[in-house]
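Notes to accompany the following structure.
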Amino acid sequence: MTKKLSRAGAARPVSITSDLVRDVVAIGWTDVTPDVAEVAKQCLLDWLGVSIAAHAEPLVDQLAAIAAEEAGAGVCTLIARSARAPLSQAVLVNGAMGHALDYDDVITSMGHPTVPVAPVVLALGEAFDRSGRDVLTAFIAGVDAEVRVARLLGPSHYQRGFHGTATYGTFGAAASAGRMLGLDQEATIRAFGIAGTQAAGLKAVFGTMCKPLHAGKAAANGLLAARLAARGFTSHLDILATEQGFGTTQSDALNPEAALAPPPRGHWVRETLFKYHAACYLTHSAINAADVLRRRQAFGPDQIVAVEVGVDPGHLRVCAIPAPATGLECKFSLTMTTAMALMGENTADDLLFTDATAARTDLMALRDRVVVTGRKARSATLSEVTVRLADGRVLREEADCAVPAEDVEAQWTLLIAKFHSLVDPVLGAQRAAALVAHCRALDTASSVRPLIALAE
């Protein structure tokens with residue numbers, strides 16, 4: 001067992017990177033239980049849905065324009081854009097596209113697990129005509145890798161201002177690419193070294209185009225790391241724990257035991273949480289609590305005197321923009337998203353999050369009556385909403401959205417409905433239904449190319 005690394009570096013551990021990579025490289029399809037396989041397919045379907053819905057976002061147009069300017073064989077599909085690009089550019093564009101709406105899935109310890117990994121496994125699967133099981137196994141391995149790195153670094157990494165989807169996601173992308181390219185443990189360790197020196201992303205840019213760019217860069221940098229490692233490129237062999245390496249520079253304390261502990265249900269992908277509101281995940285518990293209050297108590301916004309939203313103090317550094325001026329900023333505003341829920345707005349509809357919505361006088365008036373306070377609770381993702389009404393009533397409700405689904409089949413129903421709401425307006429209901437069918441049967445598919453062709 002790896003010793004816990006002290007910040008002073010007095011005890012030199014057996015390589016944490018080697019131990020972690022060993023566990024990830026050992027993952028095989030025979031280790032994958034049916035419910036893990038189903039959730040992995042759900043992750044890919046959900047990622048395709050949010051990507052297709054975001055295909056014409058301005059930031060995607062700009063990245064695609066740069067890809068078109070660069071020479072090279074266009075072997076990989078740009079999702080829903082009827083265009084192709086070189087492998088690395090396709091991964092960059094599709095990765096950013098998948099996070100453009102901030103509507104993609106979550107694992108609370110690391111951020112958004114699918115978006116740095118899915119573009120890599122699907123692009124490599126398309127380029128090399130790999131089977132659905134190859135893609136799913138590499139995807140599961142990539143998610144395991146990024147969550148294990150997140151658990152190694154602990155909460156201080158995110159609290160310092162680093163964006164885990166960008167940083168941890170680079171390792172997940174490298175691990176999944178390494179699996180698709182057939183890298184052994186030694187080469188994957190080098191890929192981690194190459195990934196670690198590229199991994200970056202800052203929370204200061206939340207609410208701008210750079211947050212989705214993080215996901216695309218994580219995917220592209222992880223892919224580059226694996227491709228270089230396959231050619232013998234060198235790097236430090238314990239990038240996660242060496243002095244001046246990724247872990248010691250970006251965390252207050254490393255926790256190898258947490259990183260190497262077995263996931264509670266076989267693989268970390270099983271802990272994935274899916275979004276049903278098109279905003280930052282840390283706003284979802286408050287949205288749910290506010291919506292329950294509105295539905296149960298039947299009051300109107302004109303009756304609301306004041307609203308208090310109690311959240312973990314960490315939320316205040318992520319999604320507490322007090323007066324958002326753009327649609328993107330609305331996604332990172334607890335005051336605005338709570339006001340939307342209390343007004344009965346459909347927060348599942350990404351088209352709600354526009355600059356025009358940010359400027360709506362009725363929403364701004366209610367938003368300004370919402371106060372967000374930081375408080376410790378039994379769960380870091382639990383939120384409590386208190387509404388004071390003009391008739392003297394004080395109403396309270398709490399919610400915690402960070403509970404993985406026990407009924408995976410029921411989760412299909414929710415995700416398919418979300419998928420159709422996002423994809424039908426772009427590709428039509430018939431093609432969307434075909435994508436759902438292909439995703440659900442991906443573990444039996446001899447090639448991933450028909451799935452990608454439907455999303456082109």
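Taking the charged nitrogens against the carboxylate oxygens, D355 and R360 have no contact shorter than 4.0 Å, which rules out a salt bridge. R378 and E398 are joined by a salt bridge, as a carboxylate oxygen and a charged side-chain nitrogen come within less than 4.0 angstrom of each other. Contact check on R81 versus E456 returns no salt bridge, with no Lys/Arg side-chain nitrogen under 4.0 Å from an Asp/Glu carboxylate oxygen. A salt bridge does not link E308 to R396: none of the charged nitrogens lies less than 4.0 Å from a carboxylate oxygen. Ionic pairing of R265 and D35 is not present here: no N-O contact between side-chain nitrogen and carboxylate oxygen is shorter than 4.0 angstrom. By the 4.0 Å N-to-carboxylate-O rule, D102 lies close enough to K211 to be salt-bridged with it. Here E384 pairs with R375 in a salt bridge; the nearest charged N to carboxylate O distance falls below 4.0 Å.
Counting only distance, with no hydrogens or angles, the side chain of E126 and the backbone of A123 share no donor-acceptor pair below 3.5 Å. The backbone N or O of A279 sits nowhere less than 3.5 Å from a side-chain atom of T283 that would complete a donor-acceptor pair. At distances below 3.5 Å, not a single donor-acceptor pair connects side-chain atoms of D23 with backbone N or O atoms of L20. In this structure, the side chain of H55 engages the main chain of I52 through a donor-acceptor pair within 3.5 Å. Listed for the T248 side chain is a donor-acceptor partner under 3.5 Å among the backbone atoms of G245. Of the possible polar contacts, none joining the E329 side chain to the G207 backbone as a donor-acceptor pair under 3.5 Å is found. R294 places no side-chain N or O within 3.5 Å of a backbone atom of M343 that could act as its donor or acceptor partner. D291 contributes no side-chain N or O that, together with a main-chain N or O of I287, makes up a donor-acceptor pair within less than 3.5 Å.
Atom-to-atom distance recorded for T386:OG1 and R388:CZ is 6.5 Å, nearest 0.5 angstrom. Distance check: L293 CG to L395 CG gives 6.0 Å after rounding to the nearest 0.5 Å. In this structure, CZ on R151 lies 13.0 Å from CE on M110, to the nearest 0.5 angstrom. Interatomic distance, I79 CD1 to L122 CG, rounded to the nearest 0.5 Å: 7.0 Å. We find the OG1-CG distance between T114 and D46 to be 7.5 Å, quoted to the nearest 0.5 Å. Considering CD1 of I107 and CD of E146, their distance stands at 7.0 Å, rounded to 0.5 Å.
When all heavy atoms are compared, the tightest approach of T165 to A215 is CG2-CB, 4.5 Å. Here the shortest heavy-atom pairing between T335 and I321 reads OG1-O, 3.6 Å. The shortest heavy-atom contact between L78 and N94 is CA-OD1, 3.6 Å. Counting all heavy atoms, side chain and backbone alike, A174 lies closest to A226 at O-CB, 3.8 Å. Here the shortest heavy-atom pairing between A253 and S156 reads N-OG, 4.4 Å. For C439 against K41, the heavy-atom pair with the smallest separation is O-CD, 3.1 Å.
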Q: Apply side chain to side chain contact (heavy atoms under 4.5 Å, CB included) to the pair Y281 and C401, showing each step before the final yes or no.
A: CA-CA 9 Å; Y281 198 75; C401 60; 3.4 Å; yes
Q. Checking side chain to side chain contact (heavy atoms under 4.5 Å, CB included) for the pair M336/L363: CA distance, chi angles, key distance, verdict?
A. CA-CA 7 Å; M336 180 60 91; L363 279 172; 4.0 Å; yes
**Q.** Candidate pair I304 and R369, rule side chain to side chain contact (heavy atoms under 4.5 Å, CB included), full reasoning
**A.** CA-CA 8 Å; I304 298 173; R369 282 174 262 162; 4.0 Å; yes
Q. Is there a side chain to side chain contact (heavy atoms under 4.5 Å, CB included) between V423 and L48 once you walk through the steps?
A. CA-CA 9 Å; V423 176; L48 284 168; over 6 Å; no
Q.
With side chain to side chain donor-acceptor pair (under 3.5 Å) as the criterion, how do H214 and H163 come out once you've worked through the C-alpha distance, each side chain's angles and the decisive distance to 0.1 Å?
A. CA-CA 8 Å; H214 287 172; H163 182 199; 2.7 Å; yes
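Annotation for R431: atom CZ counts as buried by contact number, over 12 foreign heavy atoms lying within 6.0 Å.
V25 meets the side chain to side chain contact (heavy atoms under 4.5 Å, CB included) test with V21, T188; sequence neighbours excluded.
For the ring-ring contact (aromatic ring centres under 6.0 Å, His included) condition, the pairs that include at least one residue of residues 92-116, sequence neighbours left out, are H99-H112. Listed by first and then second residue, the salt bridge (charged side-chain N to carboxylate O under 4.0 Å, His left out) pairs involving residues 170-180 amount to none (not counting sequence neighbours).
S285 and N288 form no side-chain donor-acceptor contact under 3.5 Å, judged by distance and modelled atom types alone. If you check the side chains of D400 and S379, you find a donor sitting under 3.5 Å from an acceptor.
A cation-pi arrangement is present between K203 and Y158, with the terminal nitrogen or guanidinium carbon under 6.0 Å from the aromatic centre and inside a 45° cone about the axis.
Ring centroid separation for the pair F171 and F246 comes in under the 6.0 Å cut-off. Between Y168 and H157, the distance separating the two ring centers is shorter than 6.0 angstrom.
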